[in-house]
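Input: a single structure, listed below in structure tokens.
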Amino acid sequence: MPPPHEDDRAVDALRKLVNGYQASQAIHVAATLGIADLLAEGPRTSDDLAAETGAHPDALYRLLRALAGVGIFREEEDRRFALTDLGAPLRSDAPDSIADWARFVGRRYYRDAWSSLLDSVRTGENAFRLTHGVGVWEYRAMRPEESEIFDRAMAANSRRDIQAVLAAFDLSRFQTLADVGGGNGALLRAALERYEHLRGILFDQPHVVAGVDLGDRCHVVAGDFFEEVPGGADAYLLKSILHDWEDEESIAILRNVRRAGGVLLVVERVVGPPNEGPEAKLSDLNMLVAPGGRERTEAEYAALFEAGGFRLVGVTPTESGADVLEGAPA
């Protein structure tokens with residue numbers, strides 16, 4: 001048999017991309033059912049897994065068989081399935097677990113917003129608002145269950161970034177670090193553990209920081225970064241905040257940080273040169289679809305910083321793909 005033609009290989013590669021949503025949705029279902037956790041102790045039959053998860057036995061077998069075909073599971077004799085190294089991060093107890101992200105990414109409301117991408121590209125409008133009639137933050141605020149699933153997904157995504165940021169960027173010159181929009185304080189907690197001299201300020205909306213306690217070295221403040229940012233820090237960290245907003249809103253946030261004083265540290269994925277870095281560029285599409293913001297190039301961040309009262313003085317890449325952009329007060 002003659003070797004495959006180069007054009008055939010290109011078509012096959014393109015077909016995998018076109019059909020990628022099928023694997024994504026199948027992984028979402030397996031994560032929602034907790035299949036990886038059930039296989040933690042060893043192989044089990046699909047019937048056994050169906051009984052434990054309340055799934056239809058034949059339908060679950062077909063799901064697991066398909067995922068074994070892409071390497072998430074391994075199918076053995078008598079419809080027994082085992083977890084592979086590729087599928088191991090779907091375990092909820094894995095150090096690098098992405099189970100919560102997989103559970104979120106296939107949610108119907110989120111998937112429906114992506115179905116409106118064509119309308120968004122034609123109009124420039126936010127796909128989520130076109131689909132649901134409200135913005136994504138308002139939608140989740142009215143649905144606490146979806147907000148909780150989303151928050152867990154963001155925490156799962158942050159774990160790798162947190163370690164990568166702390167490994168790449170030296171915070172030892174700062175005395176007090178304020179994490180603006182810092183959620184439950186996972187990054188700030190890790191920074192306080194790494195730097196014994198450091199003190200922290202965790203700042204986020206009241207319902208986000210309610211009940212959060214990071215110890216004696218951290219002050220938890222509730223508020224809205226569109227109104228003001230607490231003073232008292234010599235460095236202000238914004239991780240995965242500015243990409244959620246268009247320039248006007250981002251500049252408003254930065255100006256409030258500038259009024260508070262201190263060095264600006266922004267953690268985002270910087271959009272790279274043409275034909276490189278698909279992750280940041282696909283994330284930019286996600287911003288267009290869901291929150292309505294955007295990922296930015298280094299030049300765009302420099303302009304944004306300037307408008308917000310800062311001067312971009314350095315960009316530090318990390319192993320996770322996130323970058324630390326440092327701004328000095330202008």
Side-chain angles (χ1 to χ4, degrees), residues 24 27-28 31-32 89-111 113-114 126-128 132 135-166 178-191 200 202-212 214 220 222-226 237-245 249-250 253 265-270 279-280 282-296 318 320-324:
S24 175
I27 293 169
H28 161 73
T32 301
L90 289 175
R91 286 178 54 174
S92 58
D93 61 349
D96 53 353
S97 175
I98 60 169
D100 284 325
W101 174 255
R103 293 183 187 113
F104 158 72
V105 78
R107 299 292 292 177
R108 189 184 304 275
Y109 80 97
Y110 183 75
R111 197 177 66 242
W114 269 94
N126 173 238
F128 195 97
H132 297 289
V136 67
W137 308 115
E138 302 158 88
Y139 184 95
R140 293 193 187 111
M142 294 183 290
R143 295 164 178 81
E145 177 191 359
E146 296 296 352
S147 183
E148 183 179 348
I149 291 171
F150 173 76
D151 289 344
R152 290 201 302 265
M154 292 302 99
N157 269 2
S158 291
R159 291 187 195 108
R160 185 166 178 243
D161 282 346
I162 288 172
Q163 297 307 317
V165 166
L166 293 180
D179 192 352
V180 178
N184 66 2
L187 194 157
L188 192 53
R189 181 183 289 107
L202 177 65
F203 180 68
D204 212 318
Q205 297 177 76
H207 73 276
V208 176
V209 297
V212 176
L214 298 183
V220 179
D224 182 346
F225 51 45
F226 285 114
L237 176 71
L238 287 83
K239 180 187 177 299
S240 302
I241 300 296
L242 298 183
H243 75 170
D244 284 337
W245 306 98
E249 293 87 357
S250 294
I253 296 169
L265 303 175
V266 169
V267 178
E268 298 284 4
R269 279 168 168 72
V270 174
E279 186 175 21
L282 288 172
S283 180
D284 180 53
L285 280 186
N286 185 57
M287 297 303 110
L288 177 63
V289 167
R294 63 177 61 233
E295 305 291 1
R296 296 173 172 90
T318 76
S320 72
D323 298 280
V324 184

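Just so you know, these numbers use all the heavy atoms, side chains as well, and skip hydrogens, waters and symmetry mates.
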Trace of the ring-ring contact (aromatic ring centres under 6.0 Å, His included) decision for Phe225 with Phe203: CA-CA 8 Å; Phe225 51 45; Phe203 180 68; 7.2 Å; no

Distance, nearest 0.5 Å, that separates NE2 of His243 from CG of Leu238: 11.0 Å

Enumerate, atom names and distances included, each donor-acceptor pair closer than 3.5 Å involving a side-chain atom of residues 285-292, sequence neighbours excluded.
{"unit_1": "Asn286", "atom_1": "OD1", "unit_2": "Tyr110", "atom_2": "OH", "d": "2.4"}
{"unit_1": "Asn286", "atom_1": "OD1", "unit_2": "Trp114", "atom_2": "NE1", "d": "3.4"}

Which atom of Asn184 lies closest to which atom of Leu202, heavy atoms considered: C-CD2, 4.1 Å

Minimum side-chain heavy-atom gap Val267-Asp323 below 4.5 Å: no

side-chain hydrogen bond (donor to acceptor under 3.5 Å, both in side chains) partners for Arg152, two or more places apart: Glu148

Inter-residue atom distance Leu265.CG - Asp179.CG, 0.5 Å rounding: 10.0 Å

Worked verdict on Ile27 versus Leu90 for side chain to side chain contact (heavy atoms under 4.5 Å, CB included): CA-CA 9 Å; Ile27 293 169; Leu90 289 175; 4.0 Å; yes

Non-hydrogen side-chain atoms of Leu187 and Leu237 separated by less than 4.5 Å: yes

Any residue meeting side-chain hydrogen bond (donor to acceptor under 3.5 Å, both in side chains) with Glu138, in chain and number order, not counting sequence neighbours: Arg129

Note: Arg296-Glu268 ion pair, threshold 4.0 Å (strictly below): no

Main-chain N/O of Ala156 paired with Asp100 side-chain donor or acceptor, under 3.5 Å: no

Chi angles and distances behind the side chain to side chain contact (heavy atoms under 4.5 Å, CB included) call for Phe150, Trp137: CA-CA 11 Å; Phe150 173 76; Trp137 308 115; 3.8 Å; yes

Atom of Ala99, atom of Ala31 and distance for their closest heavy-atom approach: O-CB, 4.0 Å

Near-ring test Trp245/Phe226, centroid separation under 6.0 angstrom: yes

Which atom of Ala127 lies closest to which atom of Ala113, heavy atoms considered: CB-O, 3.5 Å

Atom pair CD (Glu145) and CZ (Arg140), whose distance is rounded to the nearest 0.5 Å: 12.5 Å

Nearest atoms (heavy-atom pairs only) where Arg107 meets His28: N-CE1, 3.9 Å

Polar side-chain atom of His132 near backbone of Tyr109 as donor-acceptor pair, under 3.5 Å: yes

Intermediate values then yes/no, side chain to side chain contact (heavy atoms under 4.5 Å, CB included), Phe104 and Glu146: CA-CA 9 Å; Phe104 158 72; Glu146 296 296 352; 5.8 Å; no

Contacts of Arg189 that satisfy side-chain hydrogen bond (donor to acceptor under 3.5 Å, both in side chains) - sequence neighbours left out: none

Main-chain N/O of Arg143 paired to Ser147 side chain as donor or acceptor, under 3.5 Å: no

Separation between CZ of Arg294 and CG of Leu242, rounded to the nearest 0.5 Å: 13.0 Å

Let me have the donor-acceptor pairs involving side chains of residues 159-166, under 3.5 Å, with sequence neighbours excluded, atom names and distances please.
{"unit_1": "Arg159", "atom_1": "NH1", "unit_2": "Ser97", "atom_2": "O", "d": "3.3"}
{"unit_1": "Arg160", "atom_1": "NH2", "unit_2": "Glu319", "atom_2": "O", "d": "3.3"}
{"unit_1": "Asp161", "atom_1": "OD1", "unit_2": "Arg269", "atom_2": "NH2", "d": "3.3"}
{"unit_1": "Asp161", "atom_1": "OD1", "unit_2": "Ser320", "atom_2": "OG", "d": "2.6"}
{"unit_1": "Asp161", "atom_1": "OD2", "unit_2": "Arg269", "atom_2": "NH1", "d": "3.3"}

Test item: Asp204 side-chain N/O and Val209 main-chain N/O as donor-acceptor pair under 3.5 Å: no

Set of residues satisfying side-chain contact (heavy atoms from CB on, under 4.5 Å) with respect to Ser24, sequence neighbours excluded: Val105

